[in-house]
Amino acid sequence: MRAADASAFEKLRGRIQALRAKTIDNGCTEGEALAAAAKVAELLDRYELSLSDVEIRETPCEERVFETHLKKRIPIDECIGAIASFCDCRVWREKNAAGEARYVFFGLPADVEVAHYLTELIDGAVRAELGRYKVSADYRRFRHQERHLANASFTLGMCASVADRLVAMKEERDGVIRSSGRGLVVLKAAVVDSELERLGLKLRTVEAGPGRLISPTAFDAGGAAGESVALNPGLRNK
């Protein structure tokens, strides 16, 4: 990476770090946090469009790990693939030395940085929305023994909604990039796939298990929460 490119990347990373500091715990709402994530995706596109095809081909891919600190699956699992696709990364799930699940993003440095950031934000947003749901009148209608199912259904519904929106946003972003005359998306995919092959990494999709038992009411409430989260990247307002 040339000095000028490294400087531009460090500026991008600095913006991501500044946005990361504005967490929900520090007073930023989940909608504001996710709007910030969409903004950094906008910055990512600008950064990568400033690079030549040769510079992109010569940029080594990196891994970026998101630790769940849990041995069980977490709600974000339902949209991790959409996050990776949104950021032109590959992702896989594995266990660390403690037996805890973690996600490994693989791709160009800026892409994996944004993917990790977006995962943090969506994970936090889902937890925050679930907390609000659990003090709602609708939630109190569930009997005590039904609330675990309601929790799981709500988070599943929200993650499914967010994943759908990320897919739609990705299509819009790709359209904007194509209109620039660059085959950037195809180029990055070729670079990442070539690097995976060189490293001997073969990813496979694991088929989903039997259908889940859900509460339709809680699932729909989660979907509505996902729809309300600000994810509009403002691509038309560059």
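Please read all numbers here as calculations on a predicted model, not as lab measurements.
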For Glu94, look at atom CD and say whether over 12 heavy atoms of other residues, nucleotides or ligands are found less than 6.0 Å away. yes
Would Val114 and Leu43 count as a side-chain contact (heavy atoms from CB on, under 4.5 Å) here? Give the steps. CA-CA 10 Å; Val114 171; Leu43 296 172; over 6 Å; no
Between Ser194 (side chain) and Ala190 (backbone), is there a donor-acceptor pair under 3.5 Å? no
Shortest non-hydrogen pair, Ala125 vs Met158, comes out as O-CE, 3.9 Å
Listing request: all ring pair (Phe, Tyr, Trp, His ring centres under 6.0 Å) pairs with a residue in residues 162-182, at least two apart in sequence or in separate chains. none
Rounded to the nearest 0.5 Å, how far apart are CG of Leu51 and OG1 of Thr59? 6.5 Å
Using only atom types and a distance under 3.5 Å, with no angle test, would you say the side chain of Ser85 pairs donor to acceptor with the backbone of Gly81? no
For Asp88, check side chain to side chain donor-acceptor pair (under 3.5 Å) against everything at least two apart and list the hits. Lys170, Lys188
Check: Phe105 and Trp92 side chains under 4.5 Å, non-hydrogen atoms: no
Any cation-pi pair here, Arg173 with Phe86, using under 6.0 Å and within 45°? yes
Which residues pass the ring pair (Phe, Tyr, Trp, His ring centres under 6.0 Å) test with Tyr139, not counting sequence neighbours? Tyr133
Not counting sequence neighbours, which residues clear salt bridge (Lys or Arg N to Asp or Glu O under 4.0 Å) with Glu67? List them please. Arg102
How about Cys159 and Val126: do any of their side-chain heavy atoms sit closer than 4.5 Å? yes
With no hydrogens and no angle check, is any side-chain donor or acceptor of Arg182 less than 3.5 Å from a backbone partner on Leu49? yes
Let me confirm one number: the CZ-OG distance from Arg178 to Ser180, rounded to the nearest 0.5 Å. 10.0 Å
Return the set of residues passing side chain to side chain contact (heavy atoms under 4.5 Å, CB included) with Arg198 (not counting sequence neighbours), or none when no residue passes. Glu195
Between Val191 and Cys61, does the side-chain contact (heavy atoms from CB on, under 4.5 Å) criterion hold? Intermediate values first, please. CA-CA 8 Å; Val191 169; Cys61 291; 4.2 Å; yes
Is the shortest side-chain heavy-atom distance between Phe9 and Pro109 below 4.5 Å? yes
Under the side-chain contact (heavy atoms from CB on, under 4.5 Å) criterion, do Ile76 and Ile83 qualify, and how do the steps go? CA-CA 10 Å; Ile76 198 72; Ile83 293 171; 4.2 Å; yes
Return the NE2 to CZ distance between His148 and Phe142, rounded to the nearest 0.5 Å. 13.0 Å
One should read off an interatomic distance between Leu12 CG and Ser7 OG, to the nearest 0.5 angstrom, of 11.5 Å
Return yes when atom CZ of Arg147 has more than 12 non-hydrogen atoms of other residues, nucleotides or ligands closer than 6.0 Å, and no otherwise. yes
Please, which pairs that meet ring pair (Phe, Tyr, Trp, His ring centres under 6.0 Å) have at least one residue in residues 157-196, sequence neighbours excluded? none
Run the side-chain contact (heavy atoms from CB on, under 4.5 Å) check on Glu63 and Val112 step by step: do they pass? CA-CA 7 Å; Glu63 292 183 7; Val112 296; over 6 Å; no
The reported gap from CZ in Arg46 to CD in Glu42 (rounded to nearest 0.5 angstrom) is 5.0 Å
What residue pairs, at least two apart or across chains, pass ring pair (Phe, Tyr, Trp, His ring centres under 6.0 Å) with a residue in residues 173-192? none
Considering residues at least two apart in sequence or located in another chain, which fulfil the salt bridge (Lys or Arg N to Asp or Glu O under 4.0 Å) criterion with Asp164? none
Side chains of Leu44 and Asp111: closer than 4.5 Å at any heavy-atom pair? yes
By side chain to side chain contact (heavy atoms under 4.5 Å, CB included) - contacts of Ala98 (at least two apart): Asn96, Glu100
Less than 4.5 Å apart, side chain to side chain, heavy atoms only: is that true for Gln17 and Glu113? yes
Determine whether Tyr103 and Leu70 fall in the same hydrophobic cluster, where Ile, Leu, Val, Met, Phe, Trp and Tyr are linked whenever their side-chain heavy atoms lie under 4.5 Å apart. yes
Backbone N/O of Ala168 and side chain of Glu171: donor-acceptor pair under 3.5 Å: no
Please tell me if the side chains of Ile56 and Leu184 come closer than 4.5 Å, counting only heavy atoms from C-beta onward. yes
Passing candidate, side-chain contact (heavy atoms from CB on, under 4.5 Å) with Pro75, options Asn151, Thr155, Ile122: Thr155
For a 4.5 angstrom cut-off between non-hydrogen side-chain atoms, does Leu196 reach Arg90? yes
Validation row: Phe154, Glu129 side chains within 4.5 angstrom (heavy atoms): yes
Provide the full list of salt bridge (charged side-chain N to carboxylate O under 4.0 Å, His left out) pairs with a residue in residues 151-163, sequence neighbours left out, each pair given once. none
By side chain to side chain contact (heavy atoms under 4.5 Å, CB included), which residues pair with Val186, not counting sequence neighbours? none
Starting from Leu199, can I reach Val65 by hopping between I/L/V/M/F/W/Y residues whose side chains sit under 4.5 Å apart? yes
For Glu120, which residues count as a side chain to side chain contact (heavy atoms under 4.5 Å, CB included) partner, sequence neighbours excluded? Arg20, Phe66, His116, Tyr117
To the nearest 0.5 Å, tell me how far Lys72 NZ sits from Asp77 CG. 13.0 Å
Can you see which heavy atom on Cys89 is nearest to which on Ala115, and at what distance? SG-CB, 4.1 Å
